[in-house]
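Numbering of residues begins at 1 and proceeds along the displayed sequence.
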Amino acid sequence: KITINSKNVEYGDIFFAIKGSKNDGNLYIEEAIRKGAKTIVTENGEVLFNNVNIVIVKDIQKYLAECCRRYYGDLSKKVCLIGITGTNGKTTTATLIYKYLRFINEKATLISTNGIFIDDNYHKTNNTTPNIIEIYNILKESIKEKIKYVIMEVSSHSVKLNRIYGLTYKVGGLTNITHDHLDFHKNIEDYRLSKIMFLSRCEKAVLNIDYIDYRSYFNNNVTFYGDKQNKYNEYYICNVEEGLMNTKFNVYINRIPFSFETSLLGKFNVYNIILFISIIKSLNLYNKEYIKNFLLQDINIPGRIDIVNKNPLIFVDFAHTPDAVNNILSFIKRNMNEGKIICVIGMGGDRDKSKRQLVGKITTDLSDVVIFTEDNNRSENVEDIISDIIINIDKDNYYIEYDRLNAIKKALELSNLDDIICVLGRGCEEYLEKNNVLYPFNDKNEILKLIYKLY
């Protein structure tokens with residue numbers, strides 16, 4: 001078999017020694033050979049071992065993808081593969097498509113940040129987009145289960161590093177493009193072009209025209225959506241009525257108006273819904289009444305405006321980019337009658353540092369009280385991360401509490417029943433990473449335990 005993990009090597013296997021951001025597969029070549037690997041693929045031209053085949057390649061990820069397609073067969077053409085890319089909203093949009101397909105009794109697979117669902121069977125995942133071997137195994141299992149539709153989130157890393165090279169996407173959808181991953185991409189244009197590169201390879205593409213136009217890049221079938229009516233938009237949003245319990249909105253589809261109501265909150269989620277609807281329509285699965293009834297359900301997407309408590313209103317959300325944090329807090333501010341907004345947030349270590357001061361400014365401008373704390377610090381010191389966050393703040397409405405549990409506890413202690421507490425940045429993540437060690441910590445579970453003690 002083909003493998004990138006030396007622990008999984010068996011006699012006769014092909015081991016791909018991939019150098020990643022954390023681990024270098026070249027350090028495990030000897031282990032792979034001891035366990036029986038007969039072929040080693042590497043980009044390192046200095047690797048020399050006896051009694052094994054050494055294959056030196058220029059782009060190991062691309063070569064791995066090509067080998068997988070030959071080894072497994074061109075499986076992506078045997079299903080309807082749907083890819084969702086963008087800075088924010090990928091998980092919500094992909095999950096909406098999956099949940100709707102299950103709602104209308106279509107078998108489906110979901111590959112997302114929140115895990116992998118093959119029909120209704122759940123499997124954990126470590127990355128937004130799994131490695132190509134995992135993807136092929138998921139496709140293989142889906143085909144075995146007679147699943148036609150496979151929906152997956154597509155990260156800019158996976159595109160840029162050729163981790164999804166050779167897959168055939170029936171439809172690709174773009175949510176938005178805002179500030180993120182500039183530790184990996186050299187600038188925002190490079191980040192944007194990685195999205196365009198993916199979408200231009202899909203048989204059909206659905207693009208948010210408010211964030212991207214670039215019609216000249218696309219030879220494929222392209223549909224646009226947004227919140228302004230123009231000659232290019234097939235879908236546009238209007239009359240959005242937000243609330244803290246539901247959202248009502250109209251959408252024009254090819255100039256014909258439709259009204260919808262949903263339990264998903266905020267205008268930013270209306271964008272996700274429009275992308276979901278346009279993709280469903282492109283698959284010839286659109287039925288107005290089915291979609292209306294589906295959206296009226298209590299749609300729970302773990303870690304995305306996930307309400308934990310009603311009085312005070314407490315929710316957790318994955319928002320960690322400037323745009324996502326601004327959207328969440330602006331939505332709350334627009335819809336609050338009284339009380340105060342209390343925000344608990346940190347920023348991840350070893351990631352795009354330029355986001356930190358932007359998030360610090362946004363949270364203190366839009367919240368009444370902010371408690372800055374740890375997130376996944378990875379190899380960085382939490383003190384250094386928070387120093388970066390607060391460097392540009394000109395208000396004094398914030399506290400620093402390095403321990404995340406104590407930060408959440410402080411938010412509860414400062415709150416009254418008419419306040420709203422937002423715990424942002426981690427969503428439904430199960431572990432907190434400190435000094436490159438994973439510690440069990442789920443924001444929602446910890447909040448519930450504290451509520452039980454305090455109230």
Side-chain angles (χ1 to χ4, degrees), residues 79-86 88-110 112 114 117 119-120 147-153 169-176 202-210 221-229 233-243 245-302 304-305:
V79 297
C80 177
L81 186 59
I82 302 158
I84 307 298
T85 194
N88 304 310
K90 293 189 296 297
T91 301
T92 297
T93 306
T95 305
L96 281 172
I97 297 167
Y98 168 77
K99 283 180 176 283
Y100 176 75
L101 290 170
R102 299 300 297 125
F103 179 74
I104 61 172
N105 293 318
E106 289 282 357
K107 292 167 77 68
T109 289
L110 173 65
S112 85
N114 281 356
F117 293 83
D119 231 1
D120 296 321
I147 291 169
K148 180 178 178 182
Y149 300 98
V150 177
I151 310 104
M152 65 183 291
E153 296 181 42
Y169 289 84
K170 182 68 76 177
V171 186
L174 173 77
T175 57
N176 47 59
C202 301
E203 290 181 21
K204 298 177 184 177
V206 185
L207 312 182
N208 185 338
I209 203 169
D210 298 349
N221 186 343
V222 179
T223 300
F224 289 102
Y225 70 99
D227 71 350
K228 296 178 181 65
Q229 184 178 9
N233 272 9
E234 289 185 35
Y235 302 80
Y236 75 92
I237 304 158
C238 62
N239 302 329
V240 178
E241 296 178 29
E242 295 179 315
M245 291 295 117
N246 63 6
T247 309
K248 297 177 182 179
F249 63 96
N250 292 342
V251 56
Y252 281 77
I253 303 175
N254 294 323
R255 308 292 184 268
I256 301 170
F258 297 91
S259 300
F260 294 100
E261 183 177 343
T262 179
S263 60
L264 295 172
L265 305 180
K267 186 176 180 180
F268 50 91
N269 266 325
V270 175
Y271 273 95
N272 298 329
I273 291 167
I274 299 307
L275 178 53
F276 142 68
I277 289 173
S278 60
I279 288 174
I280 290 299
K281 203 165 189 306
S282 76
L283 299 172
N284 297 316
L285 294 170
Y286 177 83
N287 179 298
K288 184 182 71 174
E289 293 307 313
Y290 287 171
I291 287 179
K292 272 195 168 187
N293 292 334
F294 169 69
L295 291 174
L296 283 170
Q297 293 184 118
D298 184 14
I299 300 171
N300 176 46
I301 300 176
R304 273 65 181 175
I305 313 191

A.B. asks: If I compare all heavy atoms of F103 with all of Y290, which pair ends up nearest, and what's the gap?
C.D. replies: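 Nearest pair, atom of F103 first, then Y290: CE2-O, 3.4 Å.
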
A.B. asks: G243 and L265: which non-hydrogen atoms are nearest, and at how many Å?
C.D. replies: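 Here G243 and L265 meet closest at O-CD2, 3.5 Å.
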
A.B. asks: For K281, give me all partners under side-chain hydrogen bond (donor to acceptor under 3.5 Å, both in side chains), at least two apart in sequence or on another chain.
C.D. replies: none

A.B. asks: Output all residues satisfying side-chain hydrogen bond (donor to acceptor under 3.5 Å, both in side chains) with Y100, sequence neighbours left out; order by chain, then residue number.
C.D. replies: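 So Y100 forms no side-chain hydrogen bond (donor to acceptor under 3.5 Å, both in side chains) with any residue.
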
A.B. asks: Counting C-beta onward and ignoring hydrogens, is there a side-chain heavy-atom pair between I274 and F249 closer than 4.5 Å?
C.D. replies: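 Yes - at least one pair of side-chain heavy atoms lies under 4.5 Å apart.
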
A.B. asks: Once rounded to the nearest 0.5 Å, what's the spacing between atom CE of M152 and atom CG of L81?
C.D. replies: 6.5 Å

A.B. asks: Can you name the residues that form a side-chain hydrogen bond (donor to acceptor under 3.5 Å, both in side chains) with K288, not counting sequence neighbours?
C.D. replies: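 None.
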
A.B. asks: Report yes if some heavy atom in the side chain of L264 is under 4.5 Å from a heavy atom in the side chain of L96; otherwise report no.
C.D. replies: yes

A.B. asks: Not counting sequence neighbours, which residues clear salt bridge (Lys or Arg N to Asp or Glu O under 4.0 Å) with K148? List them please.
C.D. replies: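 Counting only residues at least two positions away or on another chain, K148 forms no salt bridge (Lys or Arg N to Asp or Glu O under 4.0 Å).
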
A.B. asks: Which pair of non-hydrogen atoms, one from S278 and one from V206, has the smallest distance, and what is that distance?
C.D. replies: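 Result for this residue pair: OG-CG1, 3.1 Å.
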
A.B. asks: Just how far is it from atom OG of S112 to atom CD1 of I97, taken to the nearest 0.5 Å?
C.D. replies: 11.5 Å

A.B. asks: State, yes or no, whether a side-chain contact exists between C80 and L283 at a heavy-atom distance under 4.5 Å.
C.D. replies: yes

A.B. asks: Which atoms form the tightest heavy-atom contact between V222 and E234, and what is the distance?
C.D. replies: O-OE2, 4.5 Å

A.B. asks: Sorted by first residue and then second, give each side-chain hydrogen bond (donor to acceptor under 3.5 Å, both in side chains) pair with at least one member in residues 245-271; sequence neighbours left out.
C.D. replies: D210-Y271, D227-K267, D227-Y271, N246-E261, N250-S259, N269-N272

A.B. asks: Nearest 0.5 Å please: distance from the CZ atom of F276 over to the CD1 atom of I82.
C.D. replies: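 Answer rounded to 0.5 Å: 11.0 Å.
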
A.B. asks: How close do K90 and I84 get, counting heavy atoms only, and between which atoms?
C.D. replies: CD-O, 3.6 Å

A.B. asks: Any heavy-atom pair between the side chains of T92 and F268 that's under 4.5 Å?
C.D. replies: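 They are not in contact (no side-chain heavy atoms under 4.5 Å apart), so the answer is no.
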
A.B. asks: Can you tell me how far apart CD1 (I277) and OH (Y225) are? Round to the nearest 0.5 Å.
C.D. replies: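 So the gap between those two atoms works out to 11.5 Å.
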
A.B. asks: Report the distance from atom CG of N208 to atom CZ of F224, rounding to the nearest 0.5 Å.
C.D. replies: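 Atom-to-atom, N208:CG and F224:CZ are 10.0 Å apart.
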
A.B. asks: When rounded to the nearest 0.5 angstrom, what distance separates CG in L174 from OG1 in T93?
C.D. replies: 10.0 Å

A.B. asks: Minimum heavy-atom separation for L101 and I151, please, with both atom names.
C.D. replies: CD1-CD1, 3.8 Å

A.B. asks: Hey, can you pull the donor-acceptor pairs under 3.5 Å for the side chains in residues 293-302, sequence neighbours left out?
C.D. replies:
unit_1	atom_1	unit_2	atom_2	d
N293	ND2	E289	O	3.2
Q297	NE2	F294	O	3.3

A.B. asks: Only counting residues at least two apart or in another chain, list the ones meeting side chain to side chain contact (heavy atoms under 4.5 Å, CB included) with D120.
C.D. replies: Y98, R102

A.B. asks: Tell me, please, which residues at least two apart from N114 pass side-chain hydrogen bond (donor to acceptor under 3.5 Å, both in side chains).
C.D. replies: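 Residues passing side-chain hydrogen bond (donor to acceptor under 3.5 Å, both in side chains) with N114: R304.
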
